[in-house]
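See below for the structure under consideration.
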Amino acid sequence: MAFTSWRGVVGNIKPTMRPGSIEELCRILPEGIGIIPLFLDIQRGVREEFSGVLRHYEPLIARLAEAEVDLIHPEGAPPFMVLGYKGEAELIKKWEKKYKTPVFTSGTNHIRALHALKVKRFVGASYFAGSINQTFGRYFVDAGFEVLGLEGIDVPFHDVGSLSPEQVYAHVKKIFLKHRKDAQGIYLLGSGWRVMGIIDLLERDLGVPVVHPVPARCWEIQKRLTINHPVTGYGRLLSEMLPG
């Protein structure tokens, strides 16, 4: 017998044991939505680990389908972006057919959020260093976007949560100002940094919308469960519950 909640239940698969983003999501989701979280254990945050972890998602998806959740959200943008835009689409299609439950990933969620905000050209920031940011950028290019720049902060994976919002603000603003004439939006990759408090500030100061994983996740969960509950303080996408 499956447990339920009166407005719907979403099964989340967290890619790490890192606290933070699940609490942030619970705070902004409207009352009546249930969450069943399951966890993987990515620890190093490197390309090889992202590629290897993909096979561990499916057993958790199977468990959530058995629990008869309304929606399954395997989180973690990097593993699926390393797989590639087309490979991810094929995998989602396979899972939905096999488990008879709607599935959306972080990457597909961010694509829908950018479309909802009518953003075609954007700059991005991550907390990963090096060439993997080019892989992230390629994912969006293959999805039809123009990535003007996607730059990472060189920080140990375990220390991402200790980055101050002020550090991240300065990093994002620096990237944006390089492309201010062309950029229509800002994309923040990853749920590990605790920077939801700067979303509105960035939007006001720089004059473009910001896609952050947690508000984008809240927005899509609501859309998929046919709920319309705007939440202010975390960017236009969620405050206006834009169609998408």
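What's counted below: heavy atoms across the whole structure, side chains too, no hydrogens, waters or symmetry copies.
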Whether Trp95 and Tyr57 hold their rings parallel, tilted or perpendicular, with breakpoints at 30° and 60°: tilted
Let me check something: do [X] and [Y] share a hydrophobic cluster, defined by ILVMFWY side-chain heavy atoms less than 4.5 Å apart, either directly or through other members?
X: Leu177; Y: Leu202; answer: yes
X: Leu242; Y: Ile111; answer: yes
X: Leu54; Y: Val46; answer: no
X: Ile33; Y: Ile22; answer: no
X: Val82; Y: Val53; answer: yes

Is a donor on one side and an acceptor on the other found under 3.5 Å between the side chain of [X] and the backbone of [Y]?
X: Asn133; Y: Gly130; result: yes
X: His229; Y: Pro30; result: no
X: Glu203; Y: Arg236; result: yes
X: Glu49; Y: Gly45; result: yes
X: Tyr127; Y: Gly192; result: yes
X: Ser51; Y: Glu48; result: no

Working note: Leu150 + Val147, criterion side chain to side chain contact (heavy atoms under 4.5 Å, CB included); need CA distance, chi angles, decisive distance, verdict. CA-CA 7 Å; Leu150 204 164; Val147 182; 4.0 Å; yes
Side-chain touch [X]/[Y], heavy atoms, less than 4.5 angstrom:
X: Gln184; Y: Pro209; answer: no
X: Leu189; Y: Pro78; answer: yes
X: Glu24; Y: Arg194; answer: yes
X: Pro215; Y: Leu237; answer: no
X: Gln43; Y: Thr16; answer: no
X: Val9; Y: Ile35; answer: no
X: Met196; Y: Ile28; answer: yes
X: Phe122; Y: Val208; answer: no

Supply the atom-to-atom distance [X] [atom1] to [Y] [atom2], rounded to the nearest 0.5 angstrom.
X: Glu146; Y: Asp182; atom1: CD; atom2: CG; value: 7.0 Å
X: Ser162; Y: Gln167; atom1: OG; atom2: CD; value: 7.5 Å
X: Glu240; Y: Leu117; atom1: CD; atom2: CG; value: 8.5 Å
X: Trp219; Y: Leu29; atom1: CH2; atom2: CG; value: 14.0 Å
X: Leu60; Y: Leu64; atom1: CG; atom2: CG; value: 7.0 Å

Would Cys218 and Ile221 count as a side chain to side chain contact (heavy atoms under 4.5 Å, CB included) if you check the C-alpha gap in whole Å, the side-chain angles of each, and the deciding distance to 0.1 Å? CA-CA 5 Å; Cys218 178; Ile221 288 170; 5.9 Å; no
[X] and [Y]: side-chain donor and acceptor closer than 3.5 Å?
X: Ser191; Y: Lys14; value: no
X: Asp205; Y: Tyr169; value: yes
X: Thr101; Y: Glu96; value: no
X: Thr135; Y: Arg47; value: yes

Please tell me whether [X] and [Y] form a close aromatic pair, meaning their ring centres lie under 6.0 Å apart.
X: Phe128; Y: Phe136; result: yes
X: His110; Y: Phe104; result: no
X: Tyr85; Y: Phe140; result: no

Exercise: identify the closest heavy-atom pair between [X] and [Y]:
X: Pro165; Y: Val195; value: CA-CG1, 4.0 Å
X: Pro213; Y: Gly190; value: CG-O, 3.3 Å
X: Ser239; Y: Pro230; value: O-CB, 3.2 Å
X: Ala77; Y: Ser106; value: N-CB, 3.8 Å

Trace of the side chain to side chain contact (heavy atoms under 4.5 Å, CB included) decision for Ile36 with Val10: CA-CA 6 Å; Ile36 300 177; Val10 56; over 6 Å; no
Would Glu151 and Lys178 count as a salt bridge (charged side-chain N to carboxylate O under 4.0 Å, His left out) if you check the C-alpha gap in whole Å, the side-chain angles of each, and the deciding distance to 0.1 Å? CA-CA 12 Å; Glu151 300 180 25; Lys178 295 178 186 177; 3.0 Å; yes
Can you establish whether the number of heavy atoms outside Lys118 located under 6.0 Å from its atom NZ is more than 12? no
Within 6.0 Å of CZ in Arg121, more than 12 heavy atoms from elsewhere: yes
Short N-O contact, [X] and [Y], less than 4.0 angstrom:
X: Glu220; Y: Arg112; answer: yes
X: Glu58; Y: Arg63; answer: no
X: Glu31; Y: Arg7; answer: no

Begin with the C-alpha distance, continue with both residues' side-chain angles, and end with the deciding distance and a verdict on side chain to side chain contact (heavy atoms under 4.5 Å, CB included) for Trp193 and Leu188. CA-CA 9 Å; Trp193 40 19; Leu188 302 179; 4.1 Å; yes
Does Asn12 form a side-chain hydrogen bond (donor to acceptor under 3.5 Å, both in side chains) with Glu75? I'd like the steps, not just the answer. CA-CA 7 Å; Asn12 273 31; Glu75 294 185 25; 2.6 Å; yes
Can you confirm if the NZ or CZ of Arg18 lies within 45° of the ring axis of Phe157 and under 6.0 Å from the centre of its six-membered ring? yes
